[in-house]
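One structure is given here, and the rest of the page talks about it.
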Amino acid sequence: MELPSKYNPAEVESKWYQYWLQHNMFHSTPDEREPYTIVIPPPNVTGVLHMGHILNNTIQDILIRRARMLGKNACWVPGTDHASIATEAKIVEKLKNEGIKKTDIGREAFIEHAWEWTHKHGGIILEQLKKLGASCDWDRTCFTMDDVRSESVLKVFIDLFEKGLIYRGVRMINWDPKAQTALSDEEVIYKEVQSKLYYLRYKVQGEDRYATIATTRPETILGDTAVCINPKDESKAWLRGKKVLVPLIDRPVPIIEDEYVDIEFGTGCLKVTPAHDVNDYMLGEKYRLESIDIFNNDGTLNKHGAMYAGMDRFEVRSKIEKDLKAAGLLEKIEDYTNKVGYSERTDEAIEPKLSMQWFLKMSDLAKPALEAVEKDEIKLIPPKYKNTYRYWMENVKDWCISRQLWWGHRIPAYYLPEGGFVVASTPEEALEKANALRMKNVCPCGCSGLKPLKPEDLRQDEDCLDTWFSSWLWPISVFDGINEPDNKDINYYYPTNDLVTAPDILFFWVARMIISGFEYRKEACFKNVYLTGIVRDKLGRKMSKSLGNSPDPIELMDKYGADGVRMGMMLAAPAGNDVLFDEALCEQGRNFNNKIWNAYRLISGWKVDPKLDQPKASALAVEWFEARLGKTLAEMDDLFDKYRLSEAMMCVYKLFWDEFSSWFLEIIKPAYQQPIDSITHKAVFGFFEQLCLLLHPFMPFITEELWQHLEQREPGESLMLQQQRKPTAYNQVILDKFELVKAVVSGIRTIRLEKNLPVKTALALEIQGEHDASFDSLIVKMGNISSITQVSAKASDAASFLVNTTEYSLLLGALIDTEEERKKMNNELQYQEGFLQSILKKLNNPNFISRAPEAVIEAERKKMADAKNKIQAIKDSLDSLESNK
RNA sequence: GAUUCGUUAGCUCAGUUGGUUCAGAGCACUUGCUUGACAGGCAAGGGGUCGGUGGUUCAAGUCCACUACGAAUCACCA
């Protein structure tokens, strides 16, 4: 059957993915083999595939497929995460378009909408991963809000609460007025913005003097409860003990003194708004100042905003500027650059706000997690992230885990009518605990008249938990290790081996997973964390919707094949560096597929003649390629150990293209329409199979297709289940000798090109100097050489080149251009003499002779001798040119 | 502002404990190639003072100091 000259991936890829699925080949169950486990970084359940996912999942698939081929029981657990804020925002938006307000329909109906949305859009991204070839164990697909995971989250919450690690309290938190929820510190991104510094005049109470303060947020003056100066600032001494009036509303506030105030900055006079600034909050605590919250949850001003009540905070800023100016209380405005926090999810400016939230105490939990990374029990790749990790862990702050959202795990805290609360996994249990709690402090005889509570008397906390509070359990919860801590799966698959993720969630997710791993399994949750770069375009810009510089991965796969895209991605992806993605790389991937395809077309067309003897050249080539394969095997093993996947791929890329196709196949290729001997034929098919094995983790589809072509396979057989050869010793001597052959053939080709000699014209080769004739059959075939003769003097009509110290000459007869030859040789002579001089300089240096190690000196002496030999050889050649003039 | 990392060919990157002809790879580029695997190809080439300055050393892309530029993380003064 004739194969097309161009490889068409579309049909092949879906065929084999179906085949793998049908035979359940991705599925893993515990057995006696060594496990190899990866848990997927769960993408947003309603998300779609982007280039970052391609990078991340290609790497995971390479690792998992390789592990499988190394005989391990490989298990890659897929799943998605509920992405509380992002998903809730989408649903709110959708409902808004239908004219429905979240608050009108209530919690239950809203959650129903959310589930509906999740079922409709959820899992699209997992289907897209299948197109990429991801060999996940789909039977194990998890969702952070499915029953097992939800139960795990609640269990952990209750456990940590009972250990006293979770507490509830009023703190200054990051408020997102758009999503209307609290955020953790990690979810705030500080951006530099051009803003203004307003100089405002506060009248001193009872005097006709003013204190001038500088602020970037004039709208917050309505929440001022003090003005602070530095006690060392003599120029402000006159303000001590006085009161000033907040502009426009003339509310008197005290002057306080604290060294926190920078005398040099602004006016050296700071307005204090404890409810809306983290630093002011600390001052407020210290001096027991009143705290006036002037904002509603949506960022508009409340009744404390006086005449601005109901207006948005940014509107108020421009309005109040005008009003202050009109009142003569605005001294000046300066341009000013400062950093403002924005919500990672909604990009809304964060409002620091005092609020009652749930927190997890981190400092003790962080200790084993820090130690594990410090001691390389968990390795970060590349290791530069260790520093970053250490710094965060050593300065870790308590984690605000409550979110004012509905889509997520509802906090299992239940409030009693008379105050206080209990934490319990079900309302029934909560009722029991609540009753026990209120009875504890009263006389057991019932004389207090307290009646037991009814279920409706308890009110469950309205808030839900941060999404990361469920994903931090992921490596445990996907194996149900929280609910069933001693089950077969968790005991077998945990700890997992490698985690592949982006460095921007090192703290959000990776660090917290490590923490929960130690808390709940007393063991690291993975051994290695491979941190990928961020995918950027070829100009180094982040891929974004607004720039429109992100290609659609699905279209890319349609265009270049999944194998081509996988390879394109890996070509650009050394570990730890940002990935500058260029579609041209996918083209390179596709071209490589085509190369593989055509190599197969070539060998598959050969007819075998069992009576034919194996040519000498073929026998040598087989012996050489066997060694060459062994070398690559060892190299790839080493590169995989170091997680240098791009280099490992390049290694096998060059093996296939340069060594196998350009050298091996060209040597053994029979003349047109001639048959091949059976020994060589068998060897080339064996090699091709080995190459498929090595290439498979990178390009699973084309390799499976060709492997199935190599011979008749049984149903259910697959390349992906074959075992990779273990690296063994290989013949280095033949590799070195073959490199010399290549150099000779290359030299012949260069002369042919220079002299315009067609490849078809056979040439006679003469050799002066050391030469191993056992490889001559290769030189004859690859250089189209008619005869090889060892001579003592170079012929006058020959063009020559040097390989090491041996001179190879092609007899050209009348075609020789003596003048040109002489010029070439003189250039070479000059170079060699210069080189010799540099070596002599070293050897004549007494310091070098006395201080350098013997081996180094010996090497220099060898170089000197070689250079001298070469110089002599060139001089001899020049002489022979002269004598034949 | 602090800390960390980086700067090597036109581009993206390797380069281990300082020492072999060590200055490398892929892509891009140049030249030649029409029958027989593949032009999505074959063959052969050109291309870098290793960011800069100084130091240590017999010897520096590699170690040290300073400096310029870039990136990341953290912290921020209103």
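Labels below follow one simple rule: chain letters A, B, ... track the order of the sequence lines, proteins then strands, and each chain is numbered from 1.
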Grab the [atom1]-[atom2] distance between [X] and [N] for me, whole Å please.
{"X": "A:Asn845", "N": "B:rU57", "atom1": "CG", "atom2": "P", "result": "14 Å"}
{"X": "A:Met570", "N": "B:rG26", "atom1": "CE", "atom2": "P", "result": "18 Å"}
{"X": "A:Gln588", "N": "B:rU12", "atom1": "CD", "atom2": "P", "result": "15 Å"}
{"X": "A:Trp392", "N": "B:rA75", "atom1": "CH2", "atom2": "P", "result": "11 Å"}
{"X": "A:Leu645", "N": "B:rA14", "atom1": "CG", "atom2": "P", "result": "14 Å"}
{"X": "A:Met567", "N": "B:rU12", "atom1": "CE", "atom2": "P", "result": "19 Å"}

Problem - Side-chain donor-acceptor pair present, A:Thr806, A:Glu770, cut-off under 3.5 Å - result: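 A:Thr806 vs A:Glu770: no donor-acceptor pair found between side chains.
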Practice task
For the residue pair A:Gln732 and A:Asp736, confirm or rule out a side-chain donor-acceptor distance under 3.5 Å.
Solution key: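 On atom types as modelled, these side chains qualify, holding a pair under 3.5 Å.
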Practice task
Take A:Leu753 and A:Tyr653, find for each the nucleotide of RNA chain B with the closest heavy atom, and name the residue whose nucleotide sits nearer the 5' end.
Solution key: A:Tyr653
Handout entry: Counterpart residues, ring pair (Phe, Tyr, Trp, His ring centres under 6.0 Å), relative to A:Phe701 (two or more places apart)
Key =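 Partners of A:Phe701 under the ring pair (Phe, Tyr, Trp, His ring centres under 6.0 Å) test: A:Trp20.
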Practice task
Please name all residues satisfying ring pair (Phe, Tyr, Trp, His ring centres under 6.0 Å) with A:Tyr199, sequence neighbours left out, ordered by chain then number.
Solution key: none
Exercise for the section: For RNA chain B, determine which residues of residues 263-278 of chain A have any heavy atom closer than 4.0 angstrom to one of its atoms, and list them numerically. Expected result: A:Phe265, A:Leu270
Exercise for the section: Name all pairs fulfilling the side-chain hydrogen bond (donor to acceptor under 3.5 Å, both in side chains) condition that reach into residues 557-572 of chain A, sequence neighbours left out, sorted by first residue then second. Expected result: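 Qualifying pairs: A:Asp61-A:Arg566, A:Lys131-A:Asp558, A:Lys559-A:Glu583, A:Tyr560-A:Glu583.
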Handout entry: Watson-Crick or G-U pairs under 3.5 Å in RNA chain B, rendered as dot-bracket with [ ] for crossing pairs and | for another strand
Key = (((((((..((((.....[....)))).(((((.......))))).....(((((..]....))))))))))))....
Exercise for the section: For B:rG48 versus B:rG24, give the span between their P atoms, rounded off to a whole number of Å. Expected result: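 Result for the P pair: 11 Å, nearest Å.
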Practice task
Could you measure between the two P atoms, the one in B:rG52 and the one in B:rG40, and give it in whole Å?
Solution key: 41 Å
Practice task
Determine the sole option in A:Lys654, A:Lys631, A:Arg628 for which the salt bridge (charged side-chain N to carboxylate O under 4.0 Å, His left out) test with A:Glu659 is passed.
Solution key: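 The salt bridge (charged side-chain N to carboxylate O under 4.0 Å, His left out) with A:Glu659 is passed solely by A:Arg628 among A:Lys654, A:Lys631, A:Arg628.
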For nucleotides 35-41 of chain B, which of its nitrogen or oxygen atoms have a protein nitrogen or oxygen under 3.5 Å away, and what is each distance?
from, atom 1, to, atom 2, distance (Å)
B:rA37, OP1, A:Lys669, NZ, 3.1
B:rA37, O3', A:Arg601, NH2, 3.4
B:rA37, O2', A:Asn598, OD1, 2.9
B:rA37, O2', A:Arg601, NE, 3.4
B:rA37, O2', A:Arg601, NH2, 2.6
B:rA37, N6, A:Glu666, OE2, 3.1
B:rA37, N3, A:Asn598, O, 2.9
B:rA37, N3, A:Ala599, N, 3.3
B:rC38, O4', A:Asn598, OD1, 3.3
B:rC38, O2, A:Lys595, NZ, 3.0
B:rC38, N3, A:Lys595, NZ, 3.0
B:rG40, O4', A:Asn591, OD1, 3.3
B:rG40, O2', A:Asn594, ND2, 2.9
B:rG40, N2, A:Arg590, O, 3.4
B:rG40, N2, A:Asn594, OD1, 3.4
B:rG41, O3', A:Lys595, NZ, 3.3

Tell me whether the side-chain N/O atoms of [X] come closer than 4.0 Å to OP1 or OP2 in [N].
{"X": "A:Thr750", "N": "B:rG45", "value": "yes"}
{"X": "A:Arg752", "N": "B:rG45", "value": "no"}
{"X": "A:Ser746", "N": "B:rA44", "value": "yes"}

Practice task
Have a look at A:Gln832 and say if it touches a base, only the backbone sugar-phosphate, or nothing, with a 4.0 Å heavy-atom cut-off.
Solution key: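 Base: the residue A:Gln832, judged by heavy atoms under 4.0 Å, touches a nucleobase.
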Practice task
May I ask you to check if A:Arg749 and A:Trp663 form a cation-pi contact, with NZ or CZ under 6.0 angstrom from the six-membered ring centre and within 45° of the axis?
Solution key: yes
Practice task
List the steps, then state whether ring pair (Phe, Tyr, Trp, His ring centres under 6.0 Å) holds for A:Tyr385 with A:Tyr389.
Solution key: CA-CA 6 Å; A:Tyr385 286 107; A:Tyr389 180 87; over 10 Å; no
